[in-house]
J.: 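Handing you a structure now.
Each chain gets a letter, A, B and so on, in the order its sequence line appears, and its residues count up from 1.
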There are 2 protein chains.
Amino acid sequence: MISEIQGNIYRKFLEKFVSFTDEEWAIFLPVLELKKLKKKSFFMEAGKVCQEVGFILQGTVRCYYVKDGTEVTTYFSFENELISSYKSFLTETPSITYVEAMENTELIVFSKKSLQLLLEDSRIKYKMERFGRTVAEYYLCCYDDRVFSFVTQTPEQRYLELLSSRSDILARIPQHYIANYLGITPVSLSRIRSRIMKPHISLLETLQSP
Amino acid sequence: MISEIQGNIYRKFLEKFVSFTDEEWAIFLPVLELKKLKKKSFFMEAGKVCQEVGFILQGTVRCYYVKDGTEVTTYFSFENELISSYKSFLTETPSITYVEAMENTELIVFSKKSLQLLLEDSRIKYKMERFGRTVAEYYLCCYDDRVFSFVTQTPEQRYLELLSSRSDILARIPQHYIANYLGITPVSLSRIRSRIMKPHISLLETLQSP
DNA sequence: CGGAAACGTTAACAAAAGATAATTAATCAG
DNA sequence: CTGATTAATTATCTTTTGTTAACGTTTCCG
């Protein structure tokens, strides 16, 4: 059960994708649940089939994959963003990624079961299809950008672009996770950063030299 | 106007995503058009807004981006696959990629305008939403895999995986396009290939040596 | 508060990738 | 068929990245 305030935040967010009428919202709202995750607890674990899509009211979440015993972070999400192990959720196959709260996190979740019920509820099925379509299209475009950056840019260029487009991410996320996200090692990202800084320092030195 | 045979091929393909009733198909079919592309001609050019989604009846198509005057291939598609500049099509923004026929290609196209009309046609709108949703979900999963491979694998591992999962691609596509697709240079791919081959050769040498 | 763990930086070396160019192989068009 | 493009390989050199390890810093937790 979620509060009216929480529901309204979610409803406003969903406007980006689809508008629910009051009647539709009255059907949709009751299937939503509030979920609280303590820092470092899981929204989703590898090997399980993801049954939910979450909407982050508060907190930060990261997706990662365990490769040879070490974690490789693939994504992060913040307040007012959806989170899921999409492929697992959509295809009902075991997830290969973990989804973990990086801080105490509050989510509105809506389950696969609820989605399936609503997709068969004649009062709202059309709107749910549209909802699913627009959300999937949105994430498709996000993925498209990301693939494009891997194919056409160097790690340094990807970092600079992240720096200019999502400095909020850089500010809140440990650097070694960023490195994973960019497809490089933490050591390499550290070098990229010092490479980028160098020109500024030498400029300062020039100004200071006699 | 497309033939019944062509329409049935498309209809069967679309079953992967959604089943049309005969009545629905009777509405859908007339909006489809046949398009023939000569080798090296464009399905889509950078700078334009993509107005169509194509289904390849015959031929091969590649997506590429022009960076500093050179082409960088990002994707290819074959018979029985959909093709579009998805982000441009979905967001109605200018495409940054070209989509070009690699051989003489025959497509069934369906236009944004037709889609919009059918999305407002009460007889079929529900099915069209579902169609859009399932197609977007499908491609979302494809992109998810591709991003995952960039984050967690080396170029060599990506090549080996492509080799085992899509050898049809490797057989039909010039190698320097494959290199682009993997996010590396053609020279680098050539080295990866020789690296992979080496062990076999030295095995042969071992067998031949006295 | 203090020890342990986690982070970011730096260094040293090995491995791989990019850039360029030369050579060979394959393909295409006349 | 053949000359001309285009593609793929190989070589050389430079740059970047990966790997491992050391070091100082910060953060966390008992």
J.: Verify whether the ring centers belonging to B/Tyr98 and B/Tyr65 lie closer than 6.0 Å.
T.: no
J.: Check whether the side chain of A/Arg191 and the base of D/dG18 form a donor-acceptor pair under 3.5 Å.
T.: yes
J.: For the rings on A/Tyr139 and A/Tyr86, is their centre-to-centre separation under 6.0 Å?
T.: yes
J.: What's the closest nucleotide to the A/Arg193 side chain, out of D/dT9, C/dT9, D/dG18?
T.: C/dT9
J.: Of the nucleotides C/dA12, C/dG8, C/dA17, which one has an atom closest to the side chain of B/Arg195?
T.: C/dA17
J.: Of all the choices, D/dC28, C/dA21, C/dT10, which nucleotide is nearest to the side chain of A/Val187 once you look at every atom?
T.: C/dT10
J.: Report which part of the nucleic acid A/Ile184 touches: base, sugar-phosphate, or nothing (heavy-atom distance under 4.0 Å, all strands).
T.: sugar-phosphate
J.: Can you name the closest pair of heavy atoms from A/Leu182 and A/Arg158 and give their distance?
T.: O-NH2, 2.8 Å
J.: Does A/Ser190 reach a base, just sugar-phosphate, or nothing at all? Heavy atoms under 4.0 Å.
T.: base
J.: Could you give the CG-to-P distance, from B/Asn180 to D/dA7, as a whole number of Å?
T.: 11 Å
J.: Are B/Phe55 and B/Phe110 close enough that their ring centres sit under 6.0 Å apart?
T.: no
J.: Starting at atom CG of B/Leu189, determine the distance to atom C1' of D/dT10, rounded to an integer number of angstrom.
T.: 14 Å
J.: Atom CD of B/Gln157 and atom C1' of C/dA15: how far apart are they, to the nearest Å?
T.: 14 Å
J.: Using whole Å, what does the distance between atom P of nucleotide D/dT5 and atom NE2 of B/His176 come to?
T.: 17 Å
J.: Mind checking A/Ser188 for me? I need base, sugar-phosphate or nothing, with any heavy atom below 4.0 Å counting as a touch.
T.: sugar-phosphate
J.: Is the centre of the A/Tyr64 ring less than 6.0 Å from the centre of the A/Tyr177 ring?
T.: no
J.: Quick one: is D/dT9 close enough that its OP1 or OP2 comes under 4.0 Å of any side-chain N or O from B/Gln175?
T.: yes
J.: Output the rounded distance in Å from NZ (B/Lys40) to C1' (D/dT5).
T.: 10 Å
J.: Quickly work out the A/Met102 CE to D/dC28 P distance and round it to whole Å.
T.: 11 Å
J.: Look at all strands and tell whether B/Pro186 reaches a base, only sugar-phosphate, or nothing, counting heavy atoms closer than 4.0 Å.
T.: nothing
J.: Please state how far atom CD1 in A/Ile196 lies from atom P in D/dT16, giving the value in whole angstrom units.
T.: 12 Å
J.: To the nearest Å, give me how far apart CE (B/Met197) and P (D/dA8) are.
T.: 15 Å
